[in-house]
> 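I have a structure I would like to understand better, so I am pasting it below and will then ask my questions one at a time.
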There are 2 protein chains.
Amino acid sequence: MDWCRIDQTRADELKEKIPVDEEMQDVAEFIRVFGDPTRLGILFYLRELPLCVHDLSLLTGMQQTAISHQLKVLRQMRLVKYHKEGRMAVYSLNDSHISQILDIGLKHTAEEVRND
Amino acid sequence: MDWCRIDQTRADELKEKIPVDEEMQDVAEFIRVFGDPTRLGILFYLRELPLCVHDLSLLTGMQQTAISHQLKVLRQMRLVKYHKEGRMAVYSLNDSHISQILDIGLKHTAEEVRND
DNA sequence: ATTATATATGAATATATATTCATATGTTCA
DNA sequence: TGAACATATGAATATATATTCATATATAAT
């Protein structure tokens with residue numbers, strides 16, 4: 001191993017500090033759930049109040065099936081929960097970190113005038 | 001429009017509160033950058049100290065070209081900056097929100113025992 | 001009972017994107 | 001000057017994933 005700016009000892013120290021592959025994968029999967037505008041829309045609306053699939057579909061302008069599929073992703077990540085009310089399924093947020101991430105995302109894009 | 005659990009007035013209020021399509025897209029793009037294990041690895045290492053491409057390649061175990069491509073993505077989102085030192089390019093973090101997001105991701109996956 | 005409504009889901013399709021390969025540019029060293 | 005090194009990037013490929021369509025299930029309404 002031929003390092004540029006660090007030596008082997010420092011490299012070993014660093015590797016100790018950084019999440020191992022599997023954890024890195026988990027963190028990436030978790031964050032990736034927030035990286036889609038449809039899912040983000042769902043989360044922003046559910047942050048305001050619990051909603052059923054149909055209302056989420058109308059609010060976001062997405063087809064019901066698309067919403068259902070994305071709700072499944074959110075459910076699997078345990079970011080949302082739901083209960084049935086008659087034939088409706090009423091979804092709500094189920095994770096304390098969601099609001100933080102949404103706010104950071106909003107804050108960042110508000111600050112940033114991005115181009116390349 | 002036939003809502004289930006809200007009326008038209010409430011729906012209009014909600015839509016006012018939620019980011020418009022373009023902003024939603026921007027937020028999603030921003031967060032999505034964190035949703036890849038290779039980029040996450042780079043960010044975790046750069047959080048510790050500035051590093052050159054070669055060292056990042058050795059630390060992460062990824063090919064140099066893969067690192068360069070991902071650094072370009074991070075550069076375009078202005079999450080990292082770099083300066084040249086001779087033939088090296090030394091990268092460092094360039095956004096105050098990065099650490100927060102990394103920590104939330106870590107915290108979440110630490111708490112969560114996730115499956116379906 | 002029949003019809004309409006609310007939701008879920010498998011399959012197909014289209015699109016995005018991560019990685020590799022080949023290669024170009026610029027720098028250091030012998 | 002030539003060889004080795006550090007980095008960047010376009011093209012190709014493979015993989016992931018978001019959406020739609022078709023359809024099934026369950027509940028409500030008439």
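So that the names make sense, note that chain A is the first sequence line, chain B the second, and so on, each numbered from 1. For the numbers below, each heavy atom of this structure counts, side chains included, while hydrogens, waters and symmetry mates do not.
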> For B:Asp7, what residues pass the side-chain hydrogen bond (donor to acceptor under 3.5 Å, both in side chains) criterion, not counting sequence neighbours?
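Scan of B:Asp7 (side-chain hydrogen bond (donor to acceptor under 3.5 Å, both in side chains), adjacent residues dropped) gives none.
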
> Suppose the criterion is salt bridge (charged side-chain N to carboxylate O under 4.0 Å, His left out): which pairs have a residue in residues 55-65 of chain A, not counting sequence neighbours?
none

> Please state how far atom CE in A:Met62 lies from atom C1' in D:dC21, giving the value in whole angstrom units.
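After rounding, the reported distance stands at 14 Å.
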
> Under the ring pair (Phe, Tyr, Trp, His ring centres under 6.0 Å) rule, collect the residues that match up with B:Phe44, sequence neighbours excluded.
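Ring pair (Phe, Tyr, Trp, His ring centres under 6.0 Å) list for B:Phe44, sorted by chain: empty.
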
> Rounded to the nearest 0.5 Å, what's the gap from CG on A:Leu49 to CD1 on B:Ile6? Could you check?
6.5 Å

> Per the end-axis method with five pairs at each terminus, what is the bend angle of the helix from C:dA1-D:dT30 to C:dA30-D:dT1, to 10°?
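The two end axes of the helix from C:dA1-D:dT30 to C:dA30-D:dT1 meet at 10°.
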
> Applying salt bridge (Lys or Arg N to Asp or Glu O under 4.0 Å), can you list everything that pairs with A:Asp21, at least two apart in sequence or on another chain?
none

> Grab the CD-C1' distance between A:Gln25 and C:dA18 for me, whole Å please.
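After rounding, the reported distance stands at 12 Å.
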
> Tell me whether the side-chain N/O atoms of A:Gln70 come closer than 4.0 Å to OP1 or OP2 in D:dT19.
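For A:Gln70, the contact criterion (side-chain N or O under 4.0 Å from OP1 or OP2 of D:dT19) is met.
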
> List for me each residue that meets side-chain hydrogen bond (donor to acceptor under 3.5 Å, both in side chains) alongside B:Ser99, sequence neighbours excluded, and say none if there are none.
B:Arg47

> Near DNA chain C, which residues from residues 36-48 of chain A have a heavy atom under 4.0 Å away?
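Those residues whose heavy atoms fall under 4.0 Å from DNA chain C, taken from residues 36-48 of chain A, amount to none.
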
> Provide, to the nearest angstrom, the distance between the CG atom belonging to B:Leu74 and the P atom belonging to C:dT17.
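Atom CG in B:Leu74 sits about 14 Å away from atom P in C:dT17.
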
> Would you list the pairs meeting ring-ring contact (aromatic ring centres under 6.0 Å, His included) in which at least one residue belongs to residues 71-103 of chain A, sequence neighbours left out?
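Every ring-ring contact (aromatic ring centres under 6.0 Å, His included) pair that includes a residue of residues 71-103 of chain A, provided the two are not neighbours, is A:Tyr82-A:Tyr91, A:His97-B:His108.
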
> Could you tell me the separation between the CD1 atom of B:Ile67 and the C1' atom of C:dT19, rounded to a whole number of Å?
11 Å

> Quick one: side chains of residues 62-69 of chain B, donor-acceptor pairs under 3.5 Å with protein atoms, not counting sequence neighbours, listed by atom name and distance.
| unit_1 | atom_1 | unit_2 | atom_2 | d |
| --- | --- | --- | --- | --- |
| B:Gln64 | NE2 | B:Ser68 | OG | 3.0 |

> C:dT13 C1' sits how many Å from A:Gln63 CD, rounded?
14 Å

> Applying side-chain hydrogen bond (donor to acceptor under 3.5 Å, both in side chains), can you list everything that pairs with B:Glu13, at least two apart in sequence or on another chain?
B:Arg10

> With heavy atoms under 4.0 Å as the rule, sort A:Arg5 into base, sugar-phosphate or nothing.
nothing

> OG1 of A:Thr38 to CG of A:Leu56: how many Å apart, nearest 0.5 Å?
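Going from the OG1 atom of A:Thr38 to the CG atom of A:Leu56 covers 11.5 Å.
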
> For residues 79-91 of chain B, which residue pairs qualify under salt bridge (charged side-chain N to carboxylate O under 4.0 Å, His left out), counting only residues two or more places apart or in two chains?
A:Arg5-B:Glu85

> Quick test: give all pairs of protein nitrogen or oxygen and nucleotides 5-9 of chain C nitrogen or oxygen below 3.5 Å, distance rounded to 0.1 Å.
| unit_1 | atom_1 | unit_2 | atom_2 | d |
| --- | --- | --- | --- | --- |
| C:dT5 | O4' | A:Arg87 | NH1 | 3.2 |
| C:dT5 | O2 | A:Arg87 | NH1 | 3.4 |
| C:dT7 | OP1 | A:Val53 | N | 3.1 |
| C:dT7 | OP1 | A:Ala89 | N | 3.2 |
| C:dT7 | OP2 | A:His54 | N | 2.5 |
| C:dA8 | OP1 | A:Tyr91 | OH | 2.6 |
| C:dA8 | OP2 | A:Ser68 | OG | 3.1 |
| C:dA8 | N7 | A:Gln64 | NE2 | 2.8 |
| C:dT9 | OP2 | A:Arg75 | NH2 | 3.3 |

